[in-house]
Amino acid sequence: MVGPPSLGKHEALLEYLQQQSVETPPDLLYVPLSERRAAVLTLPSGSETHLAEAVEGLLSETARLDALFRQARFLREKSQLEEGFKAEQEARLEGLRTEAQAAGFALVENGERLELSGPGPIPAELAARLEEVSLANLTALADREAALRRLRREQASHYLSARVEPLMAQFPQARAYLEALKARLVRYAETGEAFDPAQWRPNLLTSSHSGFPPPVVYEPYATAPRLFGQVSAPSGVANVSHIRPGAVHRAQGGFLVLDAESLKREGTWEALKRALHNEQVEPVTDAQHPVGLEVEPFPVQVQVLLVGSHEAFESLESDPAFTELFRIRIEFSPTLSATPEQREALGGWLSAQGFSLTQGGLSQLYDEARRMAEHRDRMDARWVEIRALAEEAAVLGEGVLSADAVQAALRARDQRAFCSEEEFLRSVQEGVWSFQLTGQKVGEVNSLVLLETLPAWGRPARVTARAAPGRDHLISIDREAGLGGQVFHKAVLTLSGYLRSRYAEVGSFPATVSLAFEQNYVPIEGDSAGLAELVAVLSAIGRIPLRQDLALTGAVDQTGRVQAVGGIAAKVEGFFRVCQALGLSGKQGVILPRANIPNLTLASEVMEALREGRFHLYAVETADQALELLSGTRAEGFKGIHERVRLALEAFARLEEGGEEEKEPQREPG
């Protein structure tokens, strides 16, 4: 899902997904098959609780196993077993004693050691017989211990089978786990080896219940542990209880929503791609600190949805695997149609958010949404931003979203961000920034620029051009100084193309023209100054005075057609503020592309000045129309602008060739 921020993509998606119905996913658990091995167990939905209770019952059997070995039946069989071993031992000792007496020796039992005492050295045959009996006794002792363990194992296994087999029938999927748990309990009964019950409890990863909505998991921080889970053992030795589920586990059988920017930032795209391709995932472990637990890969059964801006998806979509995994692409429009239906929808949405609003307040918010979209027939789709404005207005309006409350919130918002603009206007009034808003000048014009700030402020910028004889050379001082961006460079080259094609009959363009944005010390980007640069260049070549009470903006192509630009409302308002600061004359105004008329969502103060004739707007389609407005002279015909420029270029050409001195083109009277 692709679109600019603040469109409510996440909210809309999560609300939609929660209304979907899918087959109820199973319960998924990690269970131990030994102290060092964990496996995935799948159970029907809702069965995990019953299994956990049954396992707790088995784990508590240790006390009953201890009691089992105090029962009369076990003690009787144990006694019989021990008496049998004792009788065999006594028979061996009696035989050895008889043989020793026959040889004049006596058999002495010193604890578990057997010794012979008598006169002289012990005969070799008798010594060998003594060693044989001693070894036989040791072997018999070991056999007795093994037989006792076997007896305990058989008794415990018989007892536990009666408990485990019904559970295996109830949970056939858990047979391997239950058999492993039974074997561990039998080992405890056989050897007395203690064990930690926590190591053998099932670790529930996902659980759901029939009839409930499918799991919808939104993970804004797509780190590997948060996505895929991790095995974390504080003591360095892990068991199944140390496996922590991730977003992939929690979303099993449902939907996982991720931010594309987070995948890119955290570097987890490759791991997610492998998991989706292989349909399995393993918890993350620290390679430098092995935990000693072998964990079976977890089966991935989840629908993944990625949300983000176009920029966030650029690097992901360059991977061929991306389009294989994510075949459905949905784009969110940054704007909506500004219709009465959308106005009412906005009001209903705000009411559902808990706002109390009047029709006047709704109208103000609706107008602001159109202003944010910079189009009279469109409204900004970032209703999250509208809600933020509504929240502030509700506070100022003491709980009611009235027209006055919204206006107060807008004024407060502008005041908070107006500090730098106030400093600029103060500098304009003090003459630090040099602007002339009356009279005429040659080769100078007021262009309009947009500052990349929040909010974006429009300001005038003085563009100057100077021309002299030369050879097909247009110099952008800002470009040469490294302050121009690529689109700005393109606009300068487009201007060169216009000049060459418009005055081709003169031959190779016989002029060197320098262009500059005066008092500019920051990078410039964009082509919206193309029209201003063009009229400044023609004015400088033909020495045609231009009105200084008009500012202009617009891109221009190589044929002289004026094209739309962005931020038109902010640019108009920026020039209006400067005119206010220096004094409105009633003749000042802005020349703008006719294509930008639908984008004139101007502030009420500017609209009022326009209605009263204190400020003016002029929409043009061609550069010639702008030239005529600025110069008061027709563009074509006798003594027209283009003829004067052509005559000047011919004079430049003669000077380049060493001909007659340059003559200034005659100006029209007045």
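- When atom types are taken as modelled, the side chain of Thr553 and the backbone of Leu592 share no donor-acceptor pair closer than 3.5 angstrom.
- Looking only at side-chain heavy atoms (C-beta outward), Arg413 and Glu368 come within less than 4.5 Å of each other.
- Taking OG1 from Thr494 and CD from Gln563, the interatomic distance works out to 8.5 Å, rounded to the nearest 0.5 Å.
- Between Leu350 and Leu365 there is a side-chain heavy-atom pair separated by less than 4.5 Å.
- With Leu357 as reference, Leu401 is the one residue of Val406, Leu401, Val400 to meet the side chain to side chain contact (heavy atoms under 4.5 Å, CB included) rule.
- By the 30° and 60° cut-offs, the orientation of the rings of Phe435 relative to Phe424 is perpendicular.
- Looking at Lys9, its side chain does come within 3.5 Å of a backbone N or O of Pro4 through a donor-acceptor pair.
- Between the CE atom of Met607 and the CD atom of Glu612 there is a distance of 11.5 Å, given to the nearest 0.5 Å.
- Glu392 has no carboxylate O lying under 4.0 Å from a charged side-chain N of Arg387, or vice versa, which leaves the two without a salt bridge.
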Using the rule given for side-chain contact (heavy atoms from CB on, under 4.5 Å), can you reason through Arg644 versus Ile544, listing the C-alpha separation, both sets of side-chain angles and the distance that settles it, and then say yes or no? CA-CA 8 Å; Arg644 295 171 65 176; Ile544 303 166; 4.0 Å; yes

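- A salt bridge does not link Glu266 with Arg226: every distance from a Lys NZ or Arg NE/NH1/NH2 to an Asp or Glu carboxylate oxygen is 4.0 Å or more.
- Aromatic ring pairs are classed by plane angle as parallel below 30°, tilted from 30° to 60° and perpendicular above 60°; the pair Phe575 and Phe615 is tilted.
- Between the CD atom in Gln588 and the CD atom in Gln580 there is a gap of 10.0 Å [rounded to 0.5 Å].
- A salt bridge links Glu331 with Arg329: the closest approach of a Lys/Arg side-chain nitrogen to an acidic carboxylate oxygen falls below 4.0 angstrom.
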Verify side-chain contact (heavy atoms from CB on, under 4.5 Å) between Val513 and Leu499, making sure each step is shown before the conclusion. CA-CA 11 Å; Val513 183; Leu499 295 173; 5.6 Å; no

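- Interatomic distance, NZ of Lys571 versus OG of Ser447, reported as 7.5 Å (0.5 Å rounding).
- Look at Asp414 and Arg411 and you find no salt bridge, because none of the NZ, NE, NH1 or NH2 atoms lies under 4.0 Å from a carboxylate O.
- By the 30° and 60° cut-offs, the orientation of the rings of Phe418 relative to Trp457 is perpendicular.
- Side chain of Gln353 to main chain of Phe355: no donor-acceptor pair is present (N/O by atom type, distance under 3.5 Å, no hydrogens or angles).
- The line from CD of Glu422 to CZ of Arg426 is 6.5 Å long, rounded to the nearest 0.5 Å.
- With respect to Glu505 and Arg646, a salt bridge is recorded, a charged nitrogen being found less than 4.0 Å from a carboxylate O.
- Among pairs with a residue in residues 530-555, none fulfils ring-ring contact (aromatic ring centres under 6.0 Å, His included), at least two apart in sequence or across chains.
- Between Arg577 and Glu421 there is a salt bridge, since a side-chain N of the basic residue sits under 4.0 Å from a carboxylate O of the acidic one.
- A donor-acceptor contact closer than 3.5 angstrom is absent between the side chains of Ser476 and Asp478.
- A salt bridge is defined here as a Lys NZ or Arg NE, NH1 or NH2 lying under 4.0 Å from an Asp or Glu carboxylate O, and Arg382 with Glu385 fails to meet this definition.
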Please assess Thr622 against Gln625 for the test side-chain contact (heavy atoms from CB on, under 4.5 Å), listing each intermediate value before the final yes or no. CA-CA 5 Å; Thr622 65; Gln625 293 173 347; 3.3 Å; yes

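- Using a 4.5 Å cut-off on side-chain heavy atoms (C-beta onward), Phe488 and Leu483 make no contact.
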Given the rule in the side-chain contact (heavy atoms from CB on, under 4.5 Å) test, do Asn596 and Asn599 qualify, once you have shown the distances and angles that lead to the verdict? CA-CA 5 Å; Asn596 276 129; Asn599 307 114; 2.9 Å; yes

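- Glu636 and Arg502 are joined by a salt bridge, as a carboxylate oxygen and a charged side-chain nitrogen come within less than 4.0 angstrom of each other.
- For the pair Leu448 and Ile568, the minimum side-chain heavy-atom distance is 4.5 Å or more.
- Look at Arg466 and Glu444 and you find a salt bridge, because one of the NZ, NE, NH1 or NH2 atoms lies within 4.0 Å of a carboxylate O, short of that distance.
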